[in-house]
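Report on one structure; see the data block that follows.
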Amino acid sequence: RKEVEQDPGPFNVPEGATVAFNCTYSNSASQSFFWYRQDCRKEPKLLMSVYSSGNEDGRFTAQLNRASQYISLLIRDSKLSDSATYLCVVTGGGNKLTFGTGTQLKVEL
Amino acid sequence: DAGVIQSPRHEVTEMGQEVTLRCKPISGHNSLFWYRQTMMRGLELLIYFNNNVPIDDSGMPEDRFSAKMPNASFSTLKIQPSEPRDSAVYFCASSIGQLYGYTFGSGTRLTVV
(Lines give C-alpha, C1' and ligand atoms only; values in the text may rest on other atoms or scores of the structure.)
Protein backbone atom coordinates (compact mmCIF):
# COMPACT_ATOMS: atom_id res chain seq x y z
CA ARG A 1 0.00 0.00 0.00
CA LYS A 2 1.32 3.46 -0.86
CA GLU A 3 2.08 5.77 2.06
CA VAL A 4 -0.17 8.47 0.61
CA GLU A 5 -2.91 7.74 -1.92
CA GLN A 6 -4.85 10.21 -4.01
CA ASP A 7 -7.24 9.97 -6.94
CA PRO A 8 -5.16 11.30 -9.85
CA GLY A 9 -8.16 12.81 -11.62
CA PRO A 10 -8.42 14.90 -13.68
CA PHE A 11 -11.39 16.61 -12.13
CA ASN A 12 -12.97 18.83 -14.77
CA VAL A 13 -15.40 21.29 -13.17
CA PRO A 14 -17.15 24.46 -14.33
CA GLU A 15 -16.19 27.80 -12.87
CA GLY A 16 -18.08 28.42 -9.64
CA ALA A 17 -18.43 24.75 -8.74
CA THR A 18 -17.47 23.19 -5.44
CA VAL A 19 -14.96 20.38 -5.68
CA ALA A 20 -13.51 18.04 -3.04
CA PHE A 21 -10.33 16.00 -3.04
CA ASN A 22 -9.60 13.11 -0.74
CA CYS A 23 -6.41 11.49 0.41
CA THR A 24 -5.62 8.50 2.60
CA TYR A 25 -2.36 7.79 4.41
CA SER A 26 -0.96 4.62 5.88
CA ASN A 27 1.29 5.80 8.73
CA SER A 28 -0.85 6.16 11.84
CA ALA A 29 2.07 7.93 13.56
CA SER A 30 1.99 10.87 11.12
CA GLN A 31 1.66 14.15 12.97
CA SER A 32 1.56 16.90 10.39
CA PHE A 33 -0.47 17.20 7.22
CA PHE A 34 -0.48 19.63 4.34
CA TRP A 35 -1.94 20.38 0.97
CA TYR A 36 0.43 21.68 -1.69
CA ARG A 37 -0.43 23.11 -5.07
CA GLN A 38 1.70 22.58 -8.17
CA ASP A 39 1.18 24.47 -11.40
CA CYS A 40 2.38 23.01 -14.69
CA ARG A 41 6.18 23.14 -14.96
CA LYS A 42 6.48 24.89 -11.58
CA GLU A 43 7.55 23.86 -8.11
CA PRO A 44 5.08 22.65 -5.45
CA LYS A 45 3.93 25.44 -3.14
CA LEU A 46 2.36 25.13 0.28
CA LEU A 47 -1.37 25.79 0.07
CA MET A 48 -2.36 25.11 3.66
CA SER A 49 -1.67 23.01 6.70
CA VAL A 50 -4.34 20.60 7.90
CA TYR A 51 -5.29 20.62 11.57
CA SER A 52 -7.28 18.08 13.55
CA SER A 53 -10.04 20.62 14.15
CA GLY A 54 -10.24 21.44 10.46
CA ASN A 55 -9.26 24.80 9.04
CA GLU A 56 -10.45 27.25 6.46
CA ASP A 57 -8.63 29.79 4.31
CA GLY A 58 -10.99 31.77 2.14
CA ARG A 59 -12.55 29.39 -0.36
CA PHE A 60 -10.44 26.47 0.81
CA THR A 61 -11.31 24.12 3.67
CA ALA A 62 -9.11 21.26 4.86
CA GLN A 63 -10.16 18.49 7.20
CA LEU A 64 -8.40 15.61 8.90
CA ASN A 65 -9.90 12.36 10.18
CA ARG A 66 -7.22 10.59 12.19
CA ALA A 67 -9.35 7.55 12.94
CA SER A 68 -9.85 6.84 9.24
CA GLN A 69 -6.43 8.26 8.25
CA TYR A 70 -8.11 10.50 5.75
CA ILE A 71 -7.55 14.10 4.64
CA SER A 72 -9.77 16.24 2.48
CA LEU A 73 -9.61 19.56 0.65
CA LEU A 74 -12.74 21.44 -0.36
CA ILE A 75 -12.63 24.29 -2.86
CA ARG A 76 -15.73 26.47 -3.09
CA ASP A 77 -16.62 28.83 -5.94
CA SER A 78 -13.75 27.48 -8.03
CA LYS A 79 -11.88 29.88 -10.30
CA LEU A 80 -10.01 29.29 -13.54
CA SER A 81 -6.84 30.10 -11.60
CA ASP A 82 -7.45 27.13 -9.29
CA SER A 83 -6.51 24.79 -12.14
CA ALA A 84 -3.44 22.92 -10.90
CA THR A 85 -2.35 19.66 -9.33
CA TYR A 86 -3.06 19.34 -5.61
CA LEU A 87 -0.64 17.24 -3.58
CA CYS A 88 -1.55 15.64 -0.27
CA VAL A 89 1.44 15.56 2.10
CA VAL A 90 1.99 13.81 5.44
CA THR A 91 4.94 13.52 7.77
CA GLY A 92 6.91 10.31 7.87
CA GLY A 93 9.84 9.31 10.00
CA GLY A 94 12.46 11.87 10.97
CA ASN A 95 11.89 15.19 9.28
CA LYS A 96 10.52 13.70 6.08
CA LEU A 97 7.37 14.68 4.27
CA THR A 98 5.77 12.11 2.01
CA PHE A 99 3.95 13.43 -1.04
CA GLY A 100 1.03 11.86 -2.82
CA THR A 101 1.13 11.73 -6.60
CA GLY A 102 -1.40 14.55 -6.82
CA THR A 103 -4.93 15.20 -8.06
CA GLN A 104 -5.28 17.27 -11.19
CA LEU A 105 -8.00 19.94 -11.25
CA LYS A 106 -9.17 21.70 -14.41
CA VAL A 107 -11.65 24.52 -13.96
CA GLU A 108 -13.45 25.39 -17.18
CA LEU A 109 -15.60 28.28 -18.41
CA ASP B 1 13.61 36.41 1.41
CA ALA B 2 15.20 35.04 -1.77
CA GLY B 3 13.70 31.60 -1.32
CA VAL B 4 15.45 28.37 -2.24
CA ILE B 5 17.76 28.98 -5.18
CA GLN B 6 18.64 26.24 -7.63
CA SER B 7 20.96 26.25 -10.60
CA PRO B 8 21.00 25.65 -13.44
CA ARG B 9 17.30 25.96 -14.38
CA HIS B 10 17.80 23.75 -17.40
CA GLU B 11 20.53 21.27 -18.27
CA VAL B 12 20.91 19.25 -21.43
CA THR B 13 23.80 16.82 -21.47
CA GLU B 14 24.98 13.77 -23.29
CA MET B 15 24.83 10.30 -21.82
CA GLY B 16 27.96 9.53 -19.83
CA GLN B 17 28.68 13.12 -18.83
CA GLU B 18 28.85 14.33 -15.25
CA VAL B 19 26.03 16.59 -14.09
CA THR B 20 26.12 18.78 -10.98
CA LEU B 21 23.00 20.45 -9.62
CA ARG B 22 23.26 23.18 -7.03
CA CYS B 23 21.05 24.44 -4.26
CA LYS B 24 21.11 27.32 -1.79
CA PRO B 25 18.54 26.83 0.98
CA ILE B 26 16.71 29.59 2.81
CA SER B 27 18.92 31.11 5.47
CA GLY B 28 18.11 29.65 8.89
CA HIS B 29 16.52 26.48 7.53
CA ASN B 30 18.32 23.48 9.02
CA SER B 31 16.94 20.74 6.77
CA LEU B 32 17.54 20.31 3.05
CA PHE B 33 15.91 17.82 0.71
CA TRP B 34 16.58 16.68 -2.84
CA TYR B 35 13.59 15.38 -4.81
CA ARG B 36 13.18 14.05 -8.33
CA GLN B 37 9.89 14.37 -10.21
CA THR B 38 8.78 12.44 -13.29
CA MET B 39 5.36 11.87 -14.81
CA MET B 40 5.54 8.16 -14.07
CA ARG B 41 6.79 8.24 -10.46
CA GLY B 42 5.75 11.63 -9.12
CA LEU B 43 7.90 13.29 -6.45
CA GLU B 44 10.55 10.98 -5.05
CA LEU B 45 12.74 11.91 -2.09
CA LEU B 46 16.35 11.17 -2.96
CA ILE B 47 18.21 12.34 0.15
CA TYR B 48 17.86 14.78 3.01
CA PHE B 49 20.21 16.57 5.38
CA ASN B 50 19.71 17.91 8.89
CA ASN B 51 22.28 20.48 10.00
CA ASN B 52 24.43 19.59 6.97
CA VAL B 53 24.55 15.89 7.86
CA PRO B 54 23.01 13.32 5.50
CA ILE B 55 20.23 11.56 7.40
CA ASP B 56 18.50 9.35 4.85
CA ASP B 57 19.83 8.57 1.39
CA SER B 58 17.69 5.50 0.82
CA GLY B 59 16.02 7.19 -2.12
CA MET B 60 19.24 7.67 -4.08
CA PRO B 61 18.72 5.35 -7.04
CA GLU B 62 22.26 4.02 -7.37
CA ASP B 63 25.93 4.77 -6.89
CA ARG B 64 25.94 7.12 -9.84
CA PHE B 65 24.15 9.65 -7.60
CA SER B 66 25.88 11.50 -4.79
CA ALA B 67 25.00 14.54 -2.70
CA LYS B 68 26.98 16.82 -0.43
CA MET B 69 26.24 19.69 1.88
CA PRO B 70 29.56 21.27 2.84
CA ASN B 71 27.92 24.11 4.75
CA ALA B 72 24.52 25.43 5.78
CA SER B 73 24.10 27.52 2.64
CA PHE B 74 25.03 25.14 -0.16
CA SER B 75 24.34 21.64 -1.43
CA THR B 76 25.10 19.72 -4.60
CA LEU B 77 23.60 16.67 -6.27
CA LYS B 78 25.92 14.97 -8.70
CA ILE B 79 25.18 12.31 -11.30
CA GLN B 80 28.17 10.56 -12.80
CA PRO B 81 27.84 9.11 -15.38
CA SER B 82 24.44 10.39 -16.46
CA GLU B 83 21.96 8.21 -18.34
CA PRO B 84 18.82 9.06 -20.35
CA ARG B 85 16.60 7.58 -17.60
CA ASP B 86 17.91 10.28 -15.25
CA SER B 87 15.95 12.87 -17.24
CA ALA B 88 13.56 14.52 -14.79
CA VAL B 89 12.98 17.69 -12.82
CA TYR B 90 15.15 17.82 -9.71
CA PHE B 91 13.86 19.93 -6.84
CA CYS B 92 15.67 21.12 -3.78
CA ALA B 93 13.62 22.10 -0.72
CA SER B 94 14.47 23.44 2.72
CA SER B 95 12.66 23.55 6.04
CA ILE B 96 12.95 24.70 9.65
CA GLY B 97 10.95 21.71 10.82
CA GLN B 98 8.31 19.37 9.49
CA LEU B 99 5.55 21.25 11.30
CA TYR B 100 6.11 24.12 8.87
CA GLY B 101 6.29 22.18 5.62
CA TYR B 102 8.96 22.67 2.99
CA THR B 103 9.81 25.50 0.62
CA PHE B 104 10.84 24.32 -2.82
CA GLY B 105 13.23 25.84 -5.31
CA SER B 106 12.20 26.32 -8.93
CA GLY B 107 13.86 23.06 -9.92
CA THR B 108 16.41 21.96 -12.50
CA ARG B 109 15.00 20.35 -15.62
CA LEU B 110 17.57 17.76 -16.67
CA THR B 111 17.57 16.15 -20.08
CA VAL B 112 20.13 13.45 -20.84
CA VAL B 113 20.37 12.56 -24.52
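Sequence lines set the chain letters: A, B, ... in the order given, protein chains first and strands last, and positions in each chain run from 1.
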At a heavy-atom separation under 4.5 Å, does Phe104(B) approach chain A through its side chain, its backbone, both, or neither? both

Give a yes or no on whether Tyr35(B) and Val112(B) share a hydrophobic cluster (residues Ile, Leu, Val, Met, Phe, Trp, Tyr; joining criterion: side-chain heavy atoms under 4.5 Å apart). no

Considering residues, nucleotides and ligands other than Gln63(A), do more than 12 of their heavy atoms fall under 6.0 Å from its CD? no

Distance, nearest 0.5 Å, that separates OH of Tyr100(B) from CG of Leu46(A): 13.0 Å

If you take all heavy atoms of Phe91(B) and Lys42(A), which pair is closest and at what distance? CZ-O, 3.7 Å

Run Phe34(A) and Tyr102(B) through ring-ring contact (aromatic ring centres under 6.0 Å, His included) and show every step you take. CA-CA 10 Å; Phe34(A) 308 90; Tyr102(B) 299 171; 8.1 Å; no

Over 12 foreign heavy atoms within 6.0 Å of CD, Glu5(A): yes

Need one label for Tyr36(A): side chain, backbone, both or neither, based on atoms under 4.5 Å from any heavy atom in chain B. side chain

When Ser49(A), Pro44(A), Gly102(A) are compared by non-hydrogen pairs under 4.5 Å with chain B, the top option: Pro44(A)

Is any side-chain heavy atom of Leu43(B) closer than 4.5 Å to a side-chain heavy atom of Leu87(A)? yes

With clusters defined by side-chain heavy atoms of hydrophobic residues (ILVMFWY) lying less than 4.5 Å apart, directly or transitively, does Met60(B) cluster with Ile55(B)? no

Separation between NZ (Lys96(A)) and CG (Leu45(B)), nearest 0.5 Å, reads 6.0 Å

Arg41(A) vs Arg109(B), test: side chain to side chain contact (heavy atoms under 4.5 Å, CB included). Steps then yes/no. CA-CA 9 Å; Arg41(A) 303 179 77 84; Arg109(B) 185 169 297 273; 3.4 Å; yes

Is there a path of hydrophobic side-chain contacts, each under 4.5 Å between heavy atoms, that joins Leu47(A) and Val107(A)? yes

Output, in order, the C-alpha distance, side-chain angles, deciding distance and verdict of side-chain hydrogen bond (donor to acceptor under 3.5 Å, both in side chains) for Gln38(A) and Gln37(B). CA-CA 12 Å; Gln38(A) 186 172 22; Gln37(B) 187 173 40; 2.8 Å; yes

More than 12 foreign heavy atoms under 6.0 Å from CD of Glu62(B): is that the case here? yes

Neighbour count above 12 (heavy atom, 6.0 Å) for Asn71(B) CG: yes

